[in-house]
> 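Quick one: the structure is below, and I'll ask about it shortly.
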Amino acid sequence: MLLLCTGIYKSNGYLLVTCNGGLNQMRAGICDMVTIARHLNLTLVVPELDKRSFWADPSDFGDIFDVDHFINSLRDELMIVKELPLKLQLRTKKKLYSMPPVSWSNETYYLKRILPLARKHKVIHFDKSDARLANNGLPIQLQMLRCRVNFEALKFTPQIEALGRKLISTLQRSGQFVVLHLRYEMDMLSFSGCTHGCSTKETEELTKMRYAYPWWKEKEIDSEVKRLQGLCPLTPEEITLVLKALGFTKDTLIYIASGEIYGGERRLAVLKDAYPKLVRKEKILSPDELRPFQNHSTQMAALDYMVSLASDIFIPSYDGNMARVVEGHRRYMGFHKTIGLDRKKLVELLDLFQGGALSWDEFSDAVKEAHKSRMGQPTERKVIPGQPKEEDYFYANPQECLGSNGGLRDIS
């Protein structure tokens with residue numbers, strides 16, 4: 001156990017981390033890395049964020065999160081430093097032991113395999129941070145620490161917090177609002193191979209992009225097969241029908257949380273016609289207010305994250321990292337309403353309705369029935385031994401940390 005308050009702390013070495021992915025993949029990874037460092041009595045260096053991904057965002061940790069708050073709020077758990085001591089900096093420039101930990105590993109793996117390496121090399125570097133801890137079967141204190149990092153230590157910078165609060169207050173002045181996380185962006189469509197509703201030219205463009213990235217291994221993809229399996233984000237046209245079927249009326253205020261929609265305003269035309277009160281941060285904030293954050297996709301995503309947490313209802317069109325981490329955070333806040341769309345069932349119903357086999361009332365009733373138990377209610381996290389990728393994600397439902405009112409349990 002780490003006992004900083006009594007001075008009985010001896011570091012077993014330093015942990016360097018290079019996170020990978022977008023904002024929320026990195027966010028979950030940071031929570032895992034703190035927990036691993038704490039478990040192994042390693043001194044954590046403030047993580048380095050991914051600058052080589054599709055988004056090529058140059059943001060550092062301190063451009064998104066409040067570094068001093070991160071360090072100080074966890075000071076009773078582990079030591080976090082902004083950089084290695086100079087002597088070790090010089091040594092690691094010549095030689096650094098770098099590795100990706102095995103995905104979905106439990107605490108025993110880190111104690112038996114990683115701790116000896118850290119003691120031997122003094123500095124160990126993890127070059128990936130995503131999904132490095134198991135969803136289930138970890139000691140309760142480690143699960144609770146993951147939550148403490150996520151819900152308390154990872155606070156956005158004052159600049160992001162201030163602009164996010166302005167967005168939220170502007171939306172709230174108009175009454176209740178829904179956040180639609182419309183994951184219909186070029187990178188998602190290209191790498192998933194989901195091209196339903198795209199033109200031949202668009203499909204060719206998306207395929208070409210996928211082949212242009214050597215690190216993306218899956219090249220040949222049957223879009224329609226994936227769609228029928230529920231593995232594609234819903235299109236703007238599909239989500240329009242789903243929202244109507246769920247009972248959202250024309251006067252519903254909908255905030256779209258996303259990057260640039262593939263196909264632009266043309267692709268949003270049907271959704272905008274059905275829901276005229278459709279807004280994005282670019283329409284609420286002035287160009288001058290957004291300018292410091294533009295060309296920084298993670299900082300723009302942080303603004304959407306704040307608005308998503310504050311919304312009356314959150315609806316993701318795809319269960320990616322943002323959708324899952326926001327869902328878990330909203331559970332922590334008191335099980336706020338999140339509609340987890342059953343895309344496999346919806347695709348089946350959409351095709352039946354558009355093919356004339358279902359009337360509108362039959363379609364609407366079926367959509368509502370399919371989602372009665374998918375509204376963010378308290379539920380047990382699904383466990384599938386030996387298949388961690390198929391389990392419910394810890395950060396989507398951190399059940400160990402949720403009290404009866406959704407608040408964080410006492411972890412002191």
Side-chain angles (χ1 to χ4, degrees), residues 19-32 49-50 53-55 57 64 103-104 128-132 135 150 154 178-196 206 209-210 213 215-218 221 223 226-227 229-236 238-239 242 255-262 267 280 297-309 311 313-331 338-344 346-347 374 376 381-382 388-398:
C19 298
N20 58 301
L23 173 66
N24 292 288
Q25 185 169 320
M26 292 192 291
R27 183 187 184 104
I30 291 164
C31 297
D32 283 358
L49 302 189
D50 194 341
S53 67
F54 166 78
W55 303 278
D57 187 337
I64 301 169
S103 299
W104 310 111
K128 288 187 177 179
S129 65
D130 63 320
R132 301 299 129 175
N135 290 311
N150 195 17
L154 286 178
V178 173
V179 165
L180 173 62
H181 183 225
L182 191 58
R183 193 70 168 93
Y184 201 78
E185 298 139 319
M186 189 175 187
D187 65 301
M188 164 55 70
L189 301 179
S190 174
F191 298 138
S192 68
C194 294
T195 57
H196 181 75
L206 294 168
M209 177 183 164
R210 184 165 68 249
Y213 284 82
W215 48 264
W216 192 260
K217 296 177 182 178
E218 191 180 11
I221 301 173
S223 176
K226 285 198 77 168
R227 177 177 175 270
Q229 292 172 337
L231 300 176
C232 288
L234 295 179
T235 68
E238 289 173 333
I239 202 73
V242 171
Y255 175 94
I256 292 187
S258 75
E260 185 176 349
I261 299 299
Y262 187 64
R267 204 66 206 263
R280 303 182 68 180
S297 62
T298 49
Q299 295 180 50
M300 295 286 270
L303 294 171
D304 282 343
Y305 187 93
M306 288 186 66
V307 178
S308 298
L309 290 186
S311 64
I313 303 174
F314 176 65
I315 308 173
S317 67
Y318 184 74
D319 60 349
N321 289 295
M322 175 160 170
R324 294 184 293 175
V325 176
V326 167
E327 179 186 357
H329 207 146
R330 287 173 65 84
R331 286 177 180 274
T338 299
I339 303 180
L341 299 179
D342 184 343
R343 292 187 310 282
K344 186 175 181 180
L346 284 173
V347 164
R374 301 176 68 92
R381 198 169 58 240
K382 183 170 65 180
K389 288 184 181 180
E390 306 304 317
E391 294 180 328
D392 289 339
Y393 188 45
F394 173 81
Y395 291 101
N397 185 15

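This one's a predicted model, so the numbers in the text were calculated from it and none came from an experiment.
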> Pair Leu341, Arg374 - check side-chain contact (heavy atoms from CB on, under 4.5 Å), show working.
CA-CA 7 Å; Leu341 299 179; Arg374 301 176 68 92; 5.9 Å; no
> Tyr393: which residues meet the ring-ring contact (aromatic ring centres under 6.0 Å, His included) condition with it, sequence neighbours left out?
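Per chain and number, Tyr393 pairs via ring-ring contact (aromatic ring centres under 6.0 Å, His included) with Tyr395.
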> Would you say the side-chain atoms of Ser258 pair up with the backbone N or O of His181, donor to acceptor, closer than 3.5 Å?
no
> Check Thr298, Asn150, Asn321 against Arg27 for a side chain to side chain donor-acceptor pair (under 3.5 Å) and give me the one that passes.
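The option that passes is Asn150.
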> Would you give the length of the straight line joining atom OG of Ser311 to atom CZ of Arg330, rounded to the nearest 0.5 angstrom?
4.0 Å
> Applying salt bridge (charged side-chain N to carboxylate O under 4.0 Å, His left out), name anything that partners Arg267, two or more places apart in sequence or on another chain.
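Listed in chain order: Glu237.
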> Assess the side chains of Thr338 and Arg331: does a donor N or O sit below 3.5 Å from an acceptor N or O?
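No, no side-chain donor-acceptor pair sits under 3.5 Å.
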> By side chain to side chain contact (heavy atoms under 4.5 Å, CB included), which residues pair with Leu231, not counting sequence neighbours?
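By the side chain to side chain contact (heavy atoms under 4.5 Å, CB included) rule, Leu231 matches Lys226, Gln229.
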> Main chain of Met188, side chain of Ser192: is a donor-acceptor contact present, judged purely on distance under 3.5 Å?
yes
> Please enumerate all residues that pass salt bridge (charged side-chain N to carboxylate O under 4.0 Å, His left out) together with Arg324, with sequence neighbours excluded.
none
> With no hydrogens and no angle check, is any side-chain donor or acceptor of Asp392 less than 3.5 Å from a backbone partner on Arg381?
no
> To the nearest 0.5 Å, how far apart are CE in Met300 and CZ in Arg280?
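Spacing of CE (Met300) from CZ (Arg280) equals 8.5 Å.
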> Donor-acceptor check, side chain of Asn135 to backbone of Phe394, threshold 3.5 angstrom: yes or no?
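Pair found, side chain donor or acceptor close to backbone of Phe394.
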> Of all residues at least two apart in sequence or in a different chain, which pass the salt bridge (charged side-chain N to carboxylate O under 4.0 Å, His left out) check with Asp50?
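For Asp50, no residue satisfies salt bridge (charged side-chain N to carboxylate O under 4.0 Å, His left out) once neighbours in sequence are set aside.
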> Would a 4.5 Å heavy-atom cut-off, applied to side chains only, mark Tyr213 and Met209 as touching?
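Heavy-atom side-chain distance check passes, below 4.5 Å.
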> State whether the side chain of Gln25 and the backbone N or O of Asn20 hold a donor-acceptor pair below 3.5 Å, judged by distance alone.
yes
> Going by salt bridge (charged side-chain N to carboxylate O under 4.0 Å, His left out), name the residues that satisfy it together with Asp342, two or more places apart in sequence or in a different chain.
none
> Determine, step by step, whether Glu238 and Leu346 satisfy the side-chain contact (heavy atoms from CB on, under 4.5 Å) criterion, reporting the C-alpha distance in whole Å, the side-chain angles of both residues, the deciding distance to 0.1 Å, and the verdict.
CA-CA 9 Å; Glu238 289 173 333; Leu346 284 173; over 6 Å; no
> Can you check side-chain contact (heavy atoms from CB on, under 4.5 Å) on Thr195 and Leu189, steps first, answer last?
CA-CA 6 Å; Thr195 57; Leu189 301 179; 5.7 Å; no
> To the closest 0.5 Å, what do you measure between CZ (Arg132) and CG (Asp32)?
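Nearest 0.5 Å value for the CZ-CG distance: 9.5 Å.
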> Between Glu185 and Arg183, is the closest basic N to carboxylate O distance under 4.0 Å?
yes
> For side-chain contact (heavy atoms from CB on, under 4.5 Å), just list the numbers for Arg210 and Ile221, CA-CA rounded to whole Å, side-chain angles, deciding distance to a tenth of an Å, and then say yes or no.
CA-CA 10 Å; Arg210 184 165 68 249; Ile221 301 173; 3.7 Å; yes
